[in-house]
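Each remark here refers to the structure printed beneath this line.
Convention: sequence-line order gives letters A, B, ...; per-chain numbering from 1. Not measured: the values here are computed from a predicted model.
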Amino acid sequence: MEQIRVQLPDGSIKEVVKGTTVEDVARGISPRLLKAAVCGIVNDVKIDLSFPLEQDCSLTIVTIDSEEGLDVLRHTVAHIMAQAVRRLWPDTKLGIGPTIENGFYYDFDLKHSFTPEDLTKIEAEMEKIIQEDLLITREEISLEEAKKLFTDDGEVYKLELIDELKDQQISVYRQGEFYDLCRGPHLNSTGKVKAFKLLNVAGAYWRGDSERPMLQRIYGTAFPKKSELDEYLVQLEEAKKRDHNKLGRELELFTTSELVGQGLPLMMPKGAKVLQILQRFVEDEEEKRGYLMTKTPFMSKKDLFEQSGHWEHYQDGMFKVPGDDEDDMLALRPMTCPFQFLIYKSKLRSYRELPIRYAETSTLFRNESSGEMHGLIRVRQFTISEGHLICTNDQVESEFKGALDLINFMLDTLGLREDVWYRLSKWDPDNKDKYIGSPEAWERTQEQMRNILDSLGLEYKEAEGEAAFYGPKLDIQARNVHGKEDTIITVQIDFSLPERLDLSYVDRDGEKKRPIVIHRTSIGCYERTLAMLIEKYAGAFPTWLAPIQVKVLPVSDDFVDYAKETAQKLQYAGIRVEVDTRPEKIGYKIRGAQMQKVPYMLVVGAKEKDNNLVAVRHRKEGDIGQMSANDFIGKIIEEIATKKLD
RNA sequence: GCUGGCGUGGCUCAGGGGUAGAGCAGUCGAUUCGUAAUCGACAGGUCGAGGGUUCGAAUCCCUCCGCCAGCUCCA
């Protein structure tokens, strides 16, 4: 029998008979490996355990506890779910069923619309399929065979996918009566699945195209062990408790009213206070870094937006305000750029003035469509730390880096750095109508941005079709507690609007030249940042950001005066303080302050009053002992001044 | 905008054709208390809005508004 040489990840070579399967190799190594094995990687290609090795190769055996193994498991569970849905609703047509971060989904097209109760039914059917321990097999077929197979079933969506696989090997996986177009690999039997859960149902357009039919998507997850699944589900529940939309209302940061409408939150005193602190912090820091503040109108005649291109490219996102007659249309501003450009243009500019850094705490209005609004994250009116750096071509790199340095400083100070990632958002060359400017300029600017990022050694992803209509962006992304991704900060290089608004400066040689504009935010949108902070800290803001920093709690009515006196001292020192004067027991007051997530509680009773002290309790550390009010003030002032994170 | 779910006092929820219920929060009274819930009383709702079916609608039907998740779109 012919022997082949198989190289394992540790570098060792195993000689096996030609035709030996991956599973056999695993068996030959150890029973434990065999049990945990889900698939193999042969010469960098993922394959099933049943794959026979025909020639010398490198082989990694993927186990269920690895990231790749988990992916295989979840993909198989997605098939089991599709099989179950097919058994329960035989008229179901299948869409796609990929794995995603933390789980999988499958899209279905059927007349019946799934209810949450259906998920339980489907889970029960899946459990049966797992009990049946069906063998999962791979079959490679030709394009014609594939077309025939799925035409007979009326699987229109699968046929569309097959059409795009023209030059590739088409494979079908079968388990019992069920089969599906799939690249694989998969577990080798349904019985290997130990722990899964279906999570929710939602609509999703076929191929992500809103012009095409909407299918029903079921999300689920799976883990090698039940305990891991349970742990994950607990984690999900815990995350929901941090939801800014729930906590923000409970903590009286903001509220909404049906009378006001969607996407228009009302900031309550505590929420407004946090926003004010953030805003002052940003404005002061920008001033230190050479920004000039502007204050421009919330609306303009449409003429301005026509010139900037917003009217043509952004009209759907704008609120229009009718004027006295047809031609006198106004619009609320969706961005501040054109206004600041007019300030720049108000006189002739010299190269000596550049770079000019304009900053504005800009309130913007965007007419988001009704299904998009969410808490403080997607709203129709918001305030953003918007700025425009007008510079020469030679200054772009240093200005870009300066903007990014400010951003990173902000993220570090707020403790958010570890929660974000960077994305180079490029245009979509197949969709030129969405943009202004020439393809060459787009490519050149994107390359320039890439070079800057690379020279900083910054790690980033690239994303096509995510650019602004006037230029590419560096977006700084974060996830909310539901795992949904949002842009929180952005830096953009704009070569188009300076042209459209005819910005210029007089250069050293006396010639008029075109400047470049960098659009940037430093913490982005204040409302969205507040939402992130609420979720990051579960409402327990670092002391410098806390709307109430100290709560003074008299042990009984007899000490209310002393409590008020103490609070007065703190207030003079600029500390945000409240006194709980309710005729309640101390435990009750502490509980109240804990639930409001106030950083410090000062308990005052006879012992404190007689010795002119306060008993300090920290929301996390508990009782930290007595000290004089002045000592406490010194301590907390220091904590606030250094913007200490918990 | 699309799909699905949901709207009952400030909050969390029960009731599901026969004239609105609990807990917490609030107010008042009693208690004057030492590190996460003292006791009692009171008050609070045109059951999201508007139409319809019915002798009778919080409950069934329709439209709209709002909330939640996802898709699409975007900071």
Side-chain angles (χ1 to χ4, degrees), chain A residues 105 107 113-118 199-219 240 243 245-246 249-250 252 255-263 314 316-317 334-335 362 364 366-380 382-386 425 465-466 468-469 473 475-478 482-490 492 519 521 523-529 531 553-560 582-595 601-608 615-619 622-624:
Chain A
Y105 67 78
D107 287 344
S113 46
F114 294 129
T115 63
E117 296 76 62
D118 288 337
L199 298 171
N200 53 318
V201 199
Y205 297 111
W206 170 237
R207 315 221 82 182
D209 184 345
S210 55
E211 303 295 311
R212 309 203 59 185
M214 181 162 271
L215 311 182
Q216 299 185 65
R217 174 172 298 177
I218 300 179
Y219 287 92
K240 278 184 196 150
D243 187 341
N245 206 3
K246 190 171 152 49
R249 292 166 199 272
E250 277 171 17
E252 299 183 0
T255 185
T256 50
S257 162
E258 292 189 9
L259 293 173
V260 178
Q262 284 191 302
Y314 206 82
D316 289 347
M335 298 174 196
S362 304
L364 305 179
R366 296 185 186 176
N367 193 2
E368 303 290 344
S369 30
S370 66
E372 312 295 357
M373 265 75 74
H374 168 66
L376 297 180
I377 289 180
R378 275 295 277 282
V379 288
R380 282 182 164 157
F382 55 93
T383 300
I384 197 165
S385 58
E386 196 174 10
S425 298
E466 298 287 350
F469 73 81
K473 309 190 283 176
D475 286 327
I476 298 180
Q477 304 293 108
H482 295 106
K484 197 180 165 100
E485 179 178 340
D486 277 297
T487 301
I488 57 164
I489 296 174
T490 181
Q492 307 161 6
H519 305 239
T521 63
I523 62 167
C525 163
Y526 287 97
E527 291 82 351
R528 193 173 275 188
T529 303
L553 312 176
V555 167
S556 79
D557 282 356
D558 293 344
F559 310 105
V560 166
R582 295 174 301 176
E584 296 287 351
K585 284 183 164 179
I586 192 65
Y588 184 85
K589 294 182 187 178
I590 288 172
R591 183 180 148 81
Q594 284 288 154
M595 295 207 305
M601 288 152 257
L602 300 184
V603 176
V604 293
K607 283 182 268 175
E608 288 73 24
V616 183
R617 182 190 163 95
H618 185 262
R619 66 183 166 204
D623 190 349
I624 55 178

### Task
Starting from the 5' end of RNA chain B, give me the residue, E466(A) or G592(A), whose nearest nucleotide shows up first.
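Nearer the 5' end of the strand: G592(A).
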### Query
Between Q492(A) and L215(A), who's closer to the 5' end of RNA chain B by nearest nucleotide?
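Going by which nucleotide is closer to the 5' end, it is L215(A).
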### Query
Do the rings of Y314(A) and F469(A) sit parallel, tilted or perpendicular, given the 30° and 60° boundaries?
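Geometry flag for F469(A) against Y314(A): tilted rings.
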### Query
Under 5.5 Å between ring centres and under 30° between planes: true for F382(A) and the base of A75(B)?
yes
#### Entry: C1' spacing across the pair C61(B) / U53(B), given as an integer number of angstrom
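After rounding to an integer number of Å, I get 7 Å for this pair.
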Touch class at under 4.0 angstrom, heavy-atom based, for [X] against every strand present:
X       : result
R619(A) : nothing
K589(A) : nothing
I377(A) : base
S210(A) : sugar-phosphate

### Summary
Of the listed U35(B), A75(B), U32(B), the closest approach to the R366(A) side chain comes from A75(B)
Please list, pair by pair, any protein nitrogen or oxygen found under 3.5 Å from a nitrogen or oxygen in nucleotides 38-40 of chain B.
{"from": "U38(B)", "atom 1": "O4", "to": "E584(A)", "atom 2": "OE1", "distance (Å)": "3.3"}

### Query
Base, backbone or nothing for each nucleotide of nucleotides 64-70 of chain B, written B, S, -, heavy atoms under 4.0 angstrom, 5' to 3'?
--SSSSB
